[in-house]
Every structure is written in structure tokens, then in C-alpha cells.
Amino acid sequence: METKREERLLSLDTLRGFDMLFIMGFAPLVVALNWCYPTAVGDWLAGQMSHTAWHGFTQHDLIFPLFLFIAGISFPFSLAKQRSRGVPDRRIGLRVLRRGVTLVVLGMVYNGLLQFDFAHLRVASVLGRIGAAWAIGAWIYMRLPKRLQYGLIVFILVGYWLLLAFVPAPDAAGASPFSPEGNLAGYIDRCLLPGRLNDGSFDPEGLLSTLPAIVTALLGMYAGEIARSARLGSGARKSLWLAGTGVGLVALGLMWNEAFPINKILWSSSFTCFAGGLSFLLFALFYYVVDVRGWRSWTLFFRVIGLNSITIYLAQPMIGFSHLNRFLFGGLAHWVGEYAGEPVGEVLLRAGYVTCCWLFLYFLYRKQVFLKV
């Protein structure tokens with residue numbers, strides 16, 4: 001969903017590219033660099049490059065909610081553009097539904113739909129959650145008055161907290177309601193989700209935990225509304241509004257963590273607030289630097305990724321980037337590893353993978369080929 005060219009936020013494409021870089025091979029590169037030159041700071045950074053096992057938060061836990069947040073930012077621009085052209089809300093709603101369903105189907109394709117092994121197909125997916133949460137959030141944003149939207153957000157976050165806190169899984173008597181075995185979200189997935197669950201008994205992109213993810217999408221839409229607001233005046237002032245909102249949400253998430261732990265797998269209400277606040281802060285930073293100050297010369301590397309983010313997400317399991325990487329850089333990495341040590345060779349191999357992915361996207365960028373859903 002694109003805005004008019006003069007309204008397009010270069011910061012949005014840049015931030016999306018920055019976010020996707022970590023699942024395009026950059027996270028393993030950071031780990032390899034620390035293996036090569038271990039330091040205390042490097043140990044901490046390497047630890048941030050993987051998800052937390054259950055409660056807690058790392059940088060890697062922000063990738064998914066930030067992407068969903070970014071998907072929400074562009075919707076106020078797209079909605080205003082379509083309405084200015086006289087497109088009726090019913091048609092806009094159908095487009096929203098089509099996009100949501102397309103992402104759900106693409107998520108199942110990513111999980112192996114074309115293998116036709118439906119008994120073992122994982123129906124839930126990252127793209128599926130993005131599609132469902134974004135589409136429902138867009139409908140709420142488009143159709144409901146603001147006061148009702150805010151009330152619904154409170155109802156979802158508080159209701160989800162109370163539901164998980166006081167209704168434990170019936171098949172896990174005695175287990176904590178916030179534990180992997182005892183949470184209600186996992187029980188609902190076991191009962192209702194067909195096919196294979198991600199870890200056998202629970203799916204992190206399951207049904208009930210999609211509810212707070214809708215709030216994440218809505219938070220992105222409110223960020224986009226701030227960015228396009230004429231009432232707020234200058235870009236610097238908008239950046240302050242974005243940053244202030246981010247600080248408030250981070251504080252709320254940390255306070256809520258005491259009663260409902262920050263948990264990406266459950267997409268807990270505290271996680272929704274905390275990750276949403278960090279997303280606001282990152283967008284405020286990128287928006288101020290790129291669109292307000294106009295410092296754009298450094299953004300091409302990230303925009304090449306951001307403009308084809310879904311392409312590279314789908315392409316990695318479908319295209320042999322690992323084979324291409326070893327073909328191009330495997331010999332050099334092995335030779336360097338022989339003389340400088342295996343960790344140095346591993347760094348070169350990890351850097352080669354990122355290079356192969358980026359060059360593929362740069363080729364598409366130069367040809368102006370972009371996958372739009």
C-alpha cells in the first residue's frame with residue numbers, strides 16, 4: 001500500500017530494511033564476529049541475536065512486532081489517498097481483506113502448503129499473523145470512532161491479561177497460567193488449530209495471541225497518523241510526539257511486566273506495550289533523521305531491503321542463497337580459515353550470505369521489480 005510519491009516516507013522503507021536485515025543473515029554474522037573477537041560487549045550483542053526461551057526480551061524479539069508496526073504506519077496514508085480519489089470504504093475494505101487473506105496463504109506456502117501434506121502442515125505463520133492482525137486492525141481504524149478504538153485496545157489488552165491469568169489450560173492442572181504448559185493460548189491452539197503446531201503443543205502465532213497483535217498493528221497506524229498530521233506542524237514536533245508516546249508505552253510495558261511478564265511467544269499485553277514503545281522510538285529516530293533532517297545518503301542499503309521485504313522473507317527458503325554463497329565465497333572462507341583460524345572463515349561465510357541476499361534485492365531494485373501484497 002503506497003502513498004503518493006511526495007508523501008512517501010523514506011524513513012519507513014529504511015526502517016523496514018533495517019528490521020529485515022537481522023533475518024537476512026546479519027544476526028548470525030554478529031554471532032560469528034563475537035566468536036572471532038570475543039568481548040563482554042560482543043557476548044551481550046550475540047545474546048541479543050536470538051529469541052528468549054520464554055519470559056524476557058531481546059533485540060531479536062522486536063523484529064516481528066516492529067515489522068507489523070511498520071505495516072500499520074502506511075495505512076493512514078493509503079486510506080487518505082484512496083478516499084481522496086473517491087474510492088468507497090466498501091471497496092477499500094475488500095482490498096484490506098484481500099491483502100490479509102493473501103498474506104495468510106503466503107504464510108502457509110512458506111510453511112510447505114505446496115507439499116500437500118496437510119496433516120503435518122503448520123497453518124499458523126508469521127505472515128499469517130501479519131495478515132490477520134493488520135487486516136483486522138485496518139478495519140477497526142477505518143470503521144470505528146477513535147474513542148471506541150481506544151476503548152477496544154484497553155479491552156483487548158486487559159481482557160487478554162485477565163483471561164490468561166485466571167483461566168489456565170484445563171489439560172494442565174497445577175501449572176502456572178503463564179507457563180508453556182499451562183497457558184490458555186496454547187490450549188486453544190491444541191483444540192482448534194489444524195495440522196502441526198510449532199512445538200507440538202503450542203504455536204507462537206496461534207489464535208488467541210493474535211488479539212494483542214491487532215493492537216500492535218493499530219499502534220503503527222496511530223504512528224502513521226502522527227507522521228501525516230498537519231495539525232502537529234513541523235516534523236521535529238511530530239518526532240517528539242512519536243518519541244514521547246514510545247517512552248510512555250515502554251514505561252507501561254515495564255510496569256505491567258510485574259503482573260503479566262513480557263513474553264513474545266505469548267504476545268503478552270506487557271510485551272505489546274513494551275515492543276510498541278520501542279517501535280515508536282525507532283520510528284521517531286528514523287523519521288527525524290531521514291525525513292525531517294533530510295540525511296538520506298546512507299539509506300540506500302536499507303531501502304533496497306525494505307522495498308522488497310516480503311520478497312526476501314519468502315525467497316530465503318525457496319532460493320539457494322546458501323549454495324550461491326558457498327559457490328562464490330566458500331573457497332575464500334575455507335582458505336582464510338586455514339591461515340587465520342576457523343572463526344575468521346566463518347565471518348567471511350556469514351558476510352557472504354548477507355551479500356548474496358542483498359545483491360539479489362539490488363538487482364530487483366535496479367529493475368524496479370517490487371513484490372506488493
Side-chain angles (χ1 to χ4, degrees), residues 11 13-67 70 126 250 262 264-265 271 274-275 278-279 281-286 289-290 295-306 308-309 312-313 315-317 319-363 365:
S11 59
D13 296 326
T14 307
L15 179 56
R16 189 187 297 110
F18 172 78
D19 190 38
M20 288 299 296
L21 177 65
F22 289 92
I23 57 175
M24 201 183 81
F26 186 70
L29 175 58
V30 172
V31 174
L33 282 168
N34 185 58
W35 183 33
C36 186
Y37 302 107
T39 63
V41 173
D43 285 343
W44 179 84
L45 285 173
Q48 295 297 306
M49 297 298 108
S50 58
H51 294 297
T52 50
W54 191 245
H55 296 324
F57 192 88
T58 64
Q59 179 276 336
H60 223 58
D61 293 327
L62 183 61
I63 294 172
F64 187 2
L66 177 58
F67 190 90
I70 292 169
V126 169
V250 166
I262 292 173
K264 183 259 179 188
I265 302 175
F271 171 82
F274 186 71
L278 292 177
S279 299
L281 289 169
L282 278 171
F283 179 50
L285 175 62
F286 276 68
V289 170
V290 177
W295 297 333
R296 300 174 177 178
S297 59
W298 60 277
T299 64
L300 177 65
F301 176 83
F302 296 104
R303 286 190 288 114
V304 165
I305 304 169
N308 257 320
S309 53
I312 194 59
Y313 182 80
Q316 288 186 84
I319 298 176
F321 289 116
S322 294
H323 296 296
L324 178 62
N325 178 34
R326 291 195 175 275
F327 179 80
L328 294 176
F329 302 107
L332 177 62
H334 177 75
W335 182 80
V336 170
E338 288 277 319
Y339 288 91
E342 183 184 354
V344 180
E346 186 67 19
V347 168
L348 285 177
L349 206 57
R350 298 296 186 181
Y353 183 87
V354 175
T355 301
C356 290
C357 291
W358 190 87
L359 289 176
F360 167 73
L361 293 178
Y362 184 66
F363 173 79
Y365 174 82

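For this chain, numbers begin at 1 and follow the sequence in order.
Among residues two or more places apart in sequence or in another chain, the ring pair (Phe, Tyr, Trp, His ring centres under 6.0 Å) test is passed with F286 by F18. Contacts of S309 classified as side chain to side chain donor-acceptor pair (under 3.5 Å), with partners at least two apart in sequence or in another chain: none. Judged as a side chain to side chain donor-acceptor pair (under 3.5 Å), and not counting sequence neighbours, the contacts of T58 are D61. For D13, the salt bridge (charged side-chain N to carboxylate O under 4.0 Å, His left out) test picks out R8, R16, with sequence neighbours left out. Scored by the ring pair (Phe, Tyr, Trp, His ring centres under 6.0 Å) test, Y365 finds no partners at all (sequence neighbours excluded). A search for side chain to side chain donor-acceptor pair (under 3.5 Å) contacts involving R326 returns nothing, not counting sequence neighbours. With sequence neighbours left out, H60 forms a ring pair (Phe, Tyr, Trp, His ring centres under 6.0 Å) with H51. Applying the side chain to side chain donor-acceptor pair (under 3.5 Å) test to T355 and every residue at least two apart in sequence or in another chain returns nothing.
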List, one per line, each side-chain donor-acceptor pair under 3.5 Å for residues 31-38, sequence neighbours excluded.
residue, atom, partner, partner atom, Å
N34, OD1, T39, N, 3.4
N34, OD1, D43, N, 3.2
N34, ND2, D43, OD1, 2.8

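Counting heavy atoms from C-beta outward, I23 and I312 have side chains that stay 4.5 Å or more apart. Contact check for L348 versus F329: no side-chain heavy atoms found under the 4.5 Å cut-off. For the pair L285/L281, no side-chain contact is recorded, criterion being any heavy-atom separation below 4.5 Å from C-beta on. Within the 4.5 Å cutoff, no side-chain heavy atoms of Q48 are placed close to those of V30.
Taking OG1 from T14 and CZ from F283, the interatomic distance works out to 10.5 Å, rounded to the nearest 0.5 Å. The line from CG of L328 to CG of L349 is 11.0 Å long, rounded to the nearest 0.5 Å. To the nearest 0.5 angstrom, L21 atom CG is 10.0 Å from C357 atom SG.
Sorted by first and then second residue, the salt bridge (Lys or Arg N to Asp or Glu O under 4.0 Å) pairs with a member in residues 332-354 read E346-R350; sequence neighbours excluded. Counting only residues at least two apart or on different chains, the ring pair (Phe, Tyr, Trp, His ring centres under 6.0 Å) pairs with a member in residues 339-358 are F301-W358, W335-Y339, W358-Y362. Under the salt bridge (Lys or Arg N to Asp or Glu O under 4.0 Å) criterion, no residue pair touches residues 29-41, with sequence neighbours excluded.
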Please walk me through it: do F67 and V126 pass side chain to side chain contact (heavy atoms under 4.5 Å, CB included)? CA-CA 10 Å; F67 190 90; V126 169; over 6 Å; no
Applying side chain to side chain contact (heavy atoms under 4.5 Å, CB included), run through V290 and F302 and close with a yes or a no. CA-CA 12 Å; V290 177; F302 296 104; over 6 Å; no
ask   = What's the verdict on side chain to side chain contact (heavy atoms under 4.5 Å, CB included) for L62 and L282, showing C-alpha distance, side-chain angles and the deciding distance?
value = CA-CA 11 Å; L62 183 61; L282 278 171; 3.8 Å; yes
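Taking the six-membered ring where tryptophan is involved, the planes of F274 and F57 are perpendicular, since the angle between them exceeds 60° and thus also 30°.
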